[in-house]
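Working notes, structure below.
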Amino acid sequence: MGRAFLYVILGGGVAAGYAALEFTKRGISHGELCIISEEPVPPYERPALSKGFLLPEAPARLPSFHTCVGANEERLTPKWYKEHGIELVLGSRVKSVDVRRKTLLTGSGETISYKVLIIATGARALKLEEFGVKGSDSENVCYLRDLADANRLVNLMESSSGGNAVVIGGGYIGMECAASLVINRMSVTMVFPEEHCMARLFTPKIASFYEEFYKSKGVKFVKGTILSSFDIDSNGKVTAVNLRDGSSLPADTVVVGIGIRPNTSLFEGQLTLEKGGIKVNGKMQSSNSSVYAVGDVATFPVKVFGESRRLEHVDSARKSARHAVGAIMEQNQAGEFDYLPFFYSRVFTLSWQFYGDNAGDVVHFGDFSGGTFGAYWVRNGHLVGSFLEGGTKEEYEAIAKATRLKPAVEDLAELERQGLGFAVTV
Ligand code: FDA
Ligand code: NAD
C-alpha cells in the first residue's frame, strides 16, 4: 500500500512550480497535490543557473530564485509548500509509471497513486558519448542542466581561474556559459559544427554581431568542426580537446552544451509520442485522458507554426503548466492553449528577445554597430517572427503584440525602412 493523491506532478522543475501556484490560486485542499522530483530542492528558476548563479560577485543562490520569482509571482519556498499542504517528495527518482493503473513507483520503493497526473520531467543534457566521444565523467568536464551541475561549474571556475576553458556547442548553453567564463576571468574558446553561433535561431548577420562582441571580450571561435577526443592525464583530468580538423586546444575546464533529449522514457509504449515529446492536445492532455504533459517534454499545437512542436524555453514551461492546471480544474471547459513562442537571453551587457517563428524571408533593421537592432520574419505575406536586441520594455511589448497580430506585409523594402517603427505603430 502506498499513498494516494488527487493530483501528482512528476518532475520538480520550472513547470512544476508554476503548476503548483496555479493549483493554489484555483483552490485545492491540503493533501490533494504531490510533487515528486529527483532534485533535492523544490522547483527553482532554471535559467538562473547559467546567469546569476555563475557571477563571481554576489551570485544568486537558493532560496532567492525558487519559482515563481521569474514571473514576479510569489516565491515558492519549502515553507510555502508546507503552508499550502502540498506534499513534496524530493530526491526521489520515479522508476516506473503505470498509466492504466494510475500508479508511480519511486526509487525508494514507494507506490504513489493519482487521479490526474501532470508529466513535467523536462529534459536531460545530451552526452558526448552519444556522439562517440569518451570522457564526460572527467573531473573538469561539465554539463549544465541542474543545480548540482551548476555547483560543479562554480567549483571548476574557482579552481582553474585564469586558465583555459573550452566550450563545446554554440547554442544557448554555449553562449551563456562562454560569457560567464569570461566574467570569471577564464580564457575561452568556443567550438561548434555550424558556420555561426545560435544556428537554430540567429541569421548570419545577427550571429556576426554577437560573435564580434564576444571576440572583443577575448572569446575565440573554432567553427565548422567538432571534437574527436580528449587528452586525459593520469588523474583523470582533461588536459586538451582534440578536434576533427586535426587541431588541439589546451583545456583546464570544458563546458559541454550540445542539446537535450526530453525525459519521455517512462511513457514509451504507454502514451503517444511525437517529435521526441509527449503528444498533447490544446488542453495539454495526452493520449490518456488522466495524464497531462507540460514544459520541455510536451509536443503541443502551436498556432503560429501551424503544427505541433516541442519548445525548450522557460516561458512555454510556465504558461503550458498553468494552462494544463486550468484545463484540469475546469474539467475541460477551458479553451485551447494559444501560445506565442517567446525566447530570450542575456549575456554581458546584451539582452535580446524573440517572438513567434523564425521562418520565411528575413528583414533586418536598426543599428548593428552596437545599438538597438532586430529582424522580422515574413511568411506567406504575414509577419510571423520578430527579434530585438537592446530594446526597451515598451519596444519588446510592441514586437510581441505585432507578432501575435500577424499583420500583412506587402513590401519587404518598406518594412526594412520602417524598422522597429513598424511594430510600434501596428
Ligand atoms: P525542468 O528541466 O525545469 O524540470 C524537470 C524536472 O523533472 C527536474 O526537476 C528533474 O529532476 C525532474 N525529473 C525528470 N525525470 C524524473 C523522474 N523520473 N523522477 C523524478 N523527477 C524527475 N529558457 C529560457 O527561455 N530562457 C533562459 O534564459 C533559459 N536559461 C536556461 C539555462 C539553463 C542552464 C538551462 C538548463 C535551461 C535554460 N532555459 C532557459 C530552459 C528552461 O529552463 C527550460 O525550458 C525549463 O526549465 C523547462 O521546464 P520543465 O519543468 O519542463 O523542465
Ligand atoms: P542548443 O540546442 O541550443 O544548442 C546545441 C548546440 O550544440 C548546437 O548549436 C551545436 O552548436 C552544438 N552541437 C550539436 N552537436 C554537436 C557535437 N556533436 N559536437 C559539438 N557541438 C555540437 O542546446 P544547448 O545549448 O545545449 O541548451 C540546452 C537546453 O537549454 C536547450 O533546450 C535550450 O533551449 C536551453 N537553454 C535555453 C536558454 C535560453 O533560452 N536563454 C539558455 C540556456 C539553456
Side-chain angles (χ1 to χ4, degrees), residues 9-19 35-51 53-54 67 70 89-97 104-107 118-126 128 130-133 143-150 153 167-177 180 190-202 223 225-228 243-244 255-266 277 293-298 310-318 320-321 341-347 352-354:
I9 302 174
L10 168 49
V14 170
Y18 283 76
I35 298 177
I36 312 173
S37 177
E38 193 175 2
E39 293 191 79
V41 293
Y44 56 86
E45 300 286 350
R46 203 163 299 281
L49 298 183
S50 54
K51 303 175 189 67
F53 198 89
L54 302 181
T67 60
V89 180
L90 300 178
S92 182
R93 183 178 172 74
V94 169
K95 294 274 186 207
S96 64
V97 180
L104 307 96
L105 180 66
T106 69
I118 299 182
I119 305 169
T121 46
R124 64 172 181 82
L126 275 172
L128 287 169
E130 294 167 70
F131 295 91
V133 176
Y143 292 80
L144 187 54
R145 184 71 203 179
D146 60 21
L147 201 57
D149 293 337
L153 180 53
V167 174
I168 312 287
Y172 287 94
I173 292 284
M175 292 300 279
E176 293 185 5
C177 287
S180 295
M190 290 186 70
V191 182
F192 50 83
E194 297 91 354
E195 280 171 24
H196 64 75
C197 68
M198 292 288 293
R200 288 208 290 172
L201 180 64
F202 288 1
K223 303 192 266 185
T225 188
I226 55 175
L227 78 166
S228 53
L243 305 180
R244 282 251 177 98
V255 179
V256 186
I258 54 173
I260 60 170
R261 278 287 175 278
N263 292 318
T264 57
S265 60
L266 292 171
V294 294
D296 280 10
V297 80
R310 206 177 52 70
L311 298 178
E312 302 173 352
H313 293 272
V314 74
D315 184 64
S316 85
R318 292 170 181 159
S320 63
F342 164 47
F343 316 152
Y344 70 90
S345 184
R346 293 189 299 272
V347 285
W352 60 259
Q353 295 192 7
F354 170 83

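Ligands are counted one by one from 1 in listed order, and the atoms in each one are counted from 1 as well.
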Considering only protein heavy atoms, which is closest to [atom], and at what distance to one decimal place?
atom: atom 14 (C) of ligand 1; result: T121 O, 3.3 Å
atom: atom 48 (C) of ligand 1; result: D296 OD1, 3.2 Å
atom: atom 7 (O) of ligand 1; result: G11 CA, 3.2 Å
atom: atom 32 (C) of ligand 1; result: S50 OG, 3.2 Å
atom: atom 43 (O) of ligand 1; result: R46 CB, 3.4 Å
atom: atom 21 (N) of ligand 1; result: E38 N, 3.0 Å
atom: atom 11 (O) of ligand 1; result: E39 CG, 3.4 Å
atom: atom 17 (C) of ligand 1; result: V94 N, 3.7 Å

Subject >> Distance-minimising heavy-atom pair for I173 and G257 >> reply: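 So the two residues come closest at CG2-CA, 3.8 Å.
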
Original post:
What heavy-atom pair brings G295 and S320 nearest, and what distance separates the two atoms?
Top reply: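 Smallest interatomic distance, heavy atoms only, reads N-OG, 3.0 Å.
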
Just jot down the salt bridge (Lys or Arg N to Asp or Glu O under 4.0 Å) partners of [X], sequence neighbours excluded, or say none.
X: R124; value: E130
X: K95; value: none
X: R244; value: none

Take every heavy atom of [X], measure it against each atom of ligand 1, and state whether any distance is under 4.0 Å.
X: I173; result: yes
X: Y344; result: yes
X: K51; result: yes
X: S92; result: yes
X: I260; result: no

Is ligand 1 under 4.0 Å from a heavy atom in the side chain of [X], in the backbone, in both, or in neither?
X: A317; result: side chain
X: L266; result: side chain
X: E312; result: backbone
X: V297; result: neither

Original post:
Looking only at atom types and distance, does a side-chain atom of R318 sit under 3.5 Å from a main-chain N or O of V14, one as donor and one as acceptor?
Top reply: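 Side chain of R318 to backbone of V14, a donor-acceptor pair under 3.5 Å: no, none is there.
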
Subject >> N/O donor-acceptor pair under 3.5 Å between E194 side chain and A199 backbone >> reply: no

Rounded to the nearest 0.5 Å, what separation is found between the [atom1] atom of [X] and the [atom2] atom of [Y]?
X: C197; Y: M175; atom1: SG; atom2: CE; answer: 3.5 Å
X: R346; Y: Q353; atom1: CZ; atom2: CD; answer: 9.0 Å
X: I260; Y: D296; atom1: CD1; atom2: CG; answer: 4.5 Å
X: L311; Y: F342; atom1: CG; atom2: CZ; answer: 12.5 Å
X: D149; Y: L49; atom1: CG; atom2: CG; answer: 8.5 Å
X: L10; Y: T121; atom1: CG; atom2: OG1; answer: 5.5 Å

Original post:
Under the criterion side chain to side chain contact (heavy atoms under 4.5 Å, CB included), which of I226, L227, L126, I168 is the partner of F131?
Top reply: L126

**OP:** Would you indicate whether R261, at its atom CZ, is surrounded by more than 12 heavy atoms from other residues, nucleotides or ligands within a distance under 6.0 Å?
**Re:**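 Counting neighbours around CZ of R261, 12 or fewer heavy atoms of other residues, nucleotides or ligands fall under 6.0 Å, so no.
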
As an exercise, identify every atom of ligand 1 less than 4.0 angstrom from a heavy atom of [X].
X: G122; result: 2 (O), 5 (C), 52 (O), 53 (O)
X: G12; result: 6 (C), 7 (O), 9 (O), 12 (C)
X: A120; result: 5 (C), 6 (C), 7 (O)
X: N263; result: 14 (C)
X: P47; result: 27 (C), 28 (O), 29 (C), 30 (N), 31 (C), 32 (C), 40 (C), 43 (O)
X: L10; result: 19 (N), 20 (C)

Original post:
So, E312 versus Y172: side-chain donor-acceptor pair below 3.5 Å or not?
Top reply: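 Side-chain D/A pair, E312 to Y172: absent.
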
Does an N or O anywhere in [X] fall below 3.5 Å from an N or O of ligand 1?
X: V314; answer: yes
X: A15; answer: yes
X: V14; answer: yes
X: G295; answer: no

Original post:
Taking C-beta and beyond as the side chain, do E176 and S345 meet within less than 4.5 Å on heavy atoms?
Top reply: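 Heavy-atom side-chain distance check passes, below 4.5 Å.
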
Subject >> P40 and L90, any side-chain heavy atoms less than 4.5 Å apart >> reply: no

Subject >> Within the protein, residues bringing a heavy atom under 4.0 Å of ligand 2, chain by chain >> reply: F131, I168, G169, G170, G171, Y172, I173, E176, F192, P193, E194, R200, I226, G257, I258, G259, I260, E312, H313, Y344, S345

**OP:** Test R46 against D146 for side chain to side chain contact (heavy atoms under 4.5 Å, CB included), laying out the working first.
**Re:** CA-CA 7 Å; R46 203 163 299 281; D146 60 21; 3.8 Å; yes

